[in-house]
There are 2 protein chains.
Amino acid sequence: MTRASSRRPGPPTRTERGIPEATVARLPVYLRALTALSDSGIATASSEDLATAAGVNSAKLRKDLSYLGSYGTRGVGYDVEYLRYQIAREIGVTQDWAVVIVGIGNLGHALANYSGFGTRGFRIVALLDADPNLVGERIGDMEVRDFAQLEEIVEADRVSIGVITTPAGPAQDVCDRLVAAGVTSILNFAPVVLSVPDGVDIRKVDLSIELQILAYHEQRKSGEAALPQVPELPAMNGLPDLPSVGGGVGA
Amino acid sequence: MTRASSRRPGPPTRTERGIPEATVARLPVYLRALTALSDSGIATASSEDLATAAGVNSAKLRKDLSYLGSYGTRGVGYDVEYLRYQIAREIGVTQDWAVVIVGIGNLGHALANYSGFGTRGFRIVALLDADPNLVGERIGDMEVRDFAQLEEIVEADRVSIGVITTPAGPAQDVCDRLVAAGVTSILNFAPVVLSVPDGVDIRKVDLSIELQILAYHEQRKSGEAALPQVPELPAMNGLPDLPSVGGGVGA
DNA sequence: AGGAGCTTGTGAACGTGAGAACAAAATCGG
DNA sequence: CCGATTTTGTTCTCACGTTCACAAGCTCCT
Ligand SMILES: NC(=O)c1ccc[n+]([C@@H]2O[C@H](COP(=O)([O-])OP(=O)(O)OC[C@H]3O[C@@H](n4cnc5c(N)ncnc54)[C@H](O)[C@@H]3O)[C@@H](O)[C@H]2O)c1
Ligand SMILES: NC(=O)c1ccc[n+]([C@@H]2O[C@H](COP(=O)([O-])OP(=O)(O)OC[C@H]3O[C@@H](n4cnc5c(N)ncnc54)[C@H](O)[C@@H]3O)[C@@H](O)[C@H]2O)c1
């Protein structure tokens, strides 16, 4: 995303050290599955085993792994430890990445308390908030610091990843500050579309959207042949008034 | 089979009341953008306006909307309220969906405190946990209840959506219980692949995976031509020992 | 040593999604 | 009433992603 190689339009850009985005999104799942197998004392696994553990089909898994190189052994399978290292290296989690979290409210607290990041290659180096009442609060072995200190922290700790858990309103401002400070990857939880310059990657997590996608399919299930057909085209004046369905941008 | 009227393999099964999955995933984003425009007092918007607000390109937006019907006016654009209602109806959030949350730890608390669900068509009807110390705790206007009460709650409140925020270990068991109780859509936050029977939809949110995807691209940025090439094939014996990179299944 | 039996890696077929481009339909000014 | 202008809805093409199917390659047994 954002980081297009060099826009060569010609041939399919064969393995120019580039892995398809869909594959990149699955590598962490494979990594998790391999770690689970490893923890169970399993030393070798076939693509079938791995695929089952990762919840995908085995052809897809093999093709995904083939982008990294030939790390399996025909007739045998994959060495769990070896493959785990190769995937970790490819993703980049053999090193630790410094992360700041901005907005230590409900969600920020939960993330700050979460132990799972440290074991997966990420180190939270600061919890930032603009609310003076929060600054100074201790969470685990960290302390909430003033958002104004962002720039010095980013520089001192070489922070490249920022997590935004503020309300939607200030999210774009916070994002701009992060980018200006030198952060080049952002994970956004606020329900708003953030714009960033080229070279900065952004991903979003929106729980309401996930629920709405489930609701869509849920509606299909019940309505398969049961519900009385919903009115197709209610007159444009006099809509059944939605009590703010869809939700505003509000916190 | 060959001549059966269902499962026609020929043409792309033109609009058999089916909307492409990629489009379904964007409809909530459009809904949010429309709500924001509506709140700003804007009554009409062109596909270009809407696309900007939603962070997509306008051709894609128009094509997405065309799956729902012809709700725009050529030369003018879309009536914001009208389109908002149509999308809300298509997604199914003109009605309220009952939701239970299982596992009221760090993340469960954050979700329980979140006001954004109610305004988007979802009603949290129960917070469930297996820990007796948590049962009875008040969060907002709700009280944590015993997980054992799951079945009666699902039946009483016609719950169709369940959210899992337990540790990875018990997640599959919790999932099975939810399904057995009648829940047919599940949103899973535990870092583990859950298996469900046909007819049950499942979506996952995994923050570590999001961070790892960012890390992959981040690595590419710095390594574009700078880093000394990482050793391509370390000997299979004597791997640089990862201090549990990839993270176990542990909570 | 040689063949049987597995399992990987990949070429090719198929399906889905994205974006450019444009004809059709609506408004508006004269 | 007509033509200029705007913007939608749709068609066409290309890119991307998934799945099938199988030759290549490895191990093990006889
Ligand atoms: N809590 C949830 O379960 C949940 C679910 C889905 C989405 N979200 C989204 O996540 C975000 C955070 O949710 P929350 O419930 O934690 O909200 P919250 O109100 O509890 O916390 C927001 C925090 O951000 C801080 N903040 C506000 N402006 C700031 C600024 N300019 N700079 C730095 N910090 C600032 C506030 O002081 C507060 O501590 C919101 O955008 C919300 O929509 C939350
Ligand atoms: N907290 C985060 O920021 C975060 C981030 C990423 C992923 N996660 C994942 O989300 C999940 C929850 O995280 P958390 O930090 O809230 O964990 P937590 O340990 O704080 O909370 C888990 C809760 O689940 C309850 N529970 C355990 N077994 C149960 C069972 N069988 N039935 C019902 N309830 C049960 C526990 O009593 C506890 O209250 C974990 O799987 C974690 O890996 C959390």
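Naming convention: chains lettered A, B, ... in sequence-line order (proteins, then strands); numbering from 1 in each chain. Atoms considered below: every heavy atom in the structure, side chains included; atoms not considered: hydrogens, waters and symmetry mates.
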Between CG of B:L65 and P of D:dG9 the distance, given in whole Å, is 8 Å

Given D:dC26, is OP1 or OP2 found less than 4.0 Å from the side-chain N or O atoms of A:T73? no

Side chain to side chain donor-acceptor pair (under 3.5 Å) filter on A:S208, not counting sequence neighbours, yields none

Test side chain to side chain donor-acceptor pair (under 3.5 Å) applied to A:S160 - qualifying residues, sequence neighbours left out: none

Rounded to whole Å, the CG-C1' distance (A:L83 to C:dG9) equals 14 Å

Return the value, rounded to whole Å, for the distance between atom OH of B:Y67 and atom P of D:dG9. 14 Å

Would a 4.5 Å heavy-atom cut-off, applied to side chains only, mark B:V200 and B:V183 as touching? no

Letter per nucleotide, 5' to 3', of nucleotides 19-24 of chain D [B base touched, S only sugar-phosphate touched, - untouched; heavy atoms, 4.0 Å]: BBB--B

Residue pairs fulfilling salt bridge (Lys or Arg N to Asp or Glu O under 4.0 Å) with at least one residue in residues 204-214 of chain A, sequence neighbours excluded: A:D206-B:R32, A:E210-B:R203

Can you list every pair that meets side chain to side chain donor-acceptor pair (under 3.5 Å) and has a residue in residues 169-180 of chain A, with sequence neighbours left out? A:E151-A:R177, A:Q172-A:D176

Mapping A:T23 and B:G75 onto DNA chain D by nearest heavy atom, which one lands closer to the 5' end? B:G75

So, do A:Q219 and B:W97 sit near enough that their side-chain heavy atoms are less than 4.5 Å apart? yes

Five pairs per end, C1' atoms only: what is the angle between the end axes of the helix from C:dA1-D:dT30 to C:dG30-D:dC1, to 10 degrees? 0°

Rounded to whole angstroms, how far apart are CG on B:D49 and C1' on D:dT6? 13 Å

Not counting sequence neighbours, which residues clear side-chain contact (heavy atoms from CB on, under 4.5 Å) with A:T165? List them please. A:I101, A:L107, A:L111, A:V163, A:F189

Which residue pairs pass the salt bridge (Lys or Arg N to Asp or Glu O under 4.0 Å) test when at least one of the two sits in residues 48-74 of chain B, sequence neighbours left out? B:R26-B:D64

Only counting residues at least two apart or in another chain, list the ones meeting ring-ring contact (aromatic ring centres under 6.0 Å, His included) with B:F117. B:Y114

Nearest-Å distance, CG (A:L61) to P (C:dT10)? 14 Å

When you check the phosphate oxygens OP1 and OP2 of D:dT8, does a side-chain N or O of B:S47 lie under 4.0 Å from one of them? yes

The side chain of B:S46 lies closest to which of these nucleotides: C:dA18, D:dT8, D:dG9? D:dT8

Write down the distance between CD (A:E21) and P (D:dG17), rounded to a whole number of angstrom. 8 Å

With the side chain defined as heavy atoms from C-beta on, A:P20 is closest, among D:dG17, D:dG9, C:dA26, to D:dG17

Between atom OH in B:Y71 and atom P in D:dG9, what is the gap in whole Å? 11 Å

Residue-phosphate contact under 4.0 Å: A:Y78 side-chain N/O, C:dG9 OP1/OP2: yes

Can you see whether B:Y85 engages B:R89 through a side-chain donor-acceptor pair at a distance of less than 3.5 angstrom? no

Atom-pair distance (CG on A:L68; P on C:dT10), nearest Å: 12 Å

Looking for any heavy atom pair under 4.0 Å, which part of the strands does A:E48 touch: base, sugar-phosphate only, or nothing? nothing

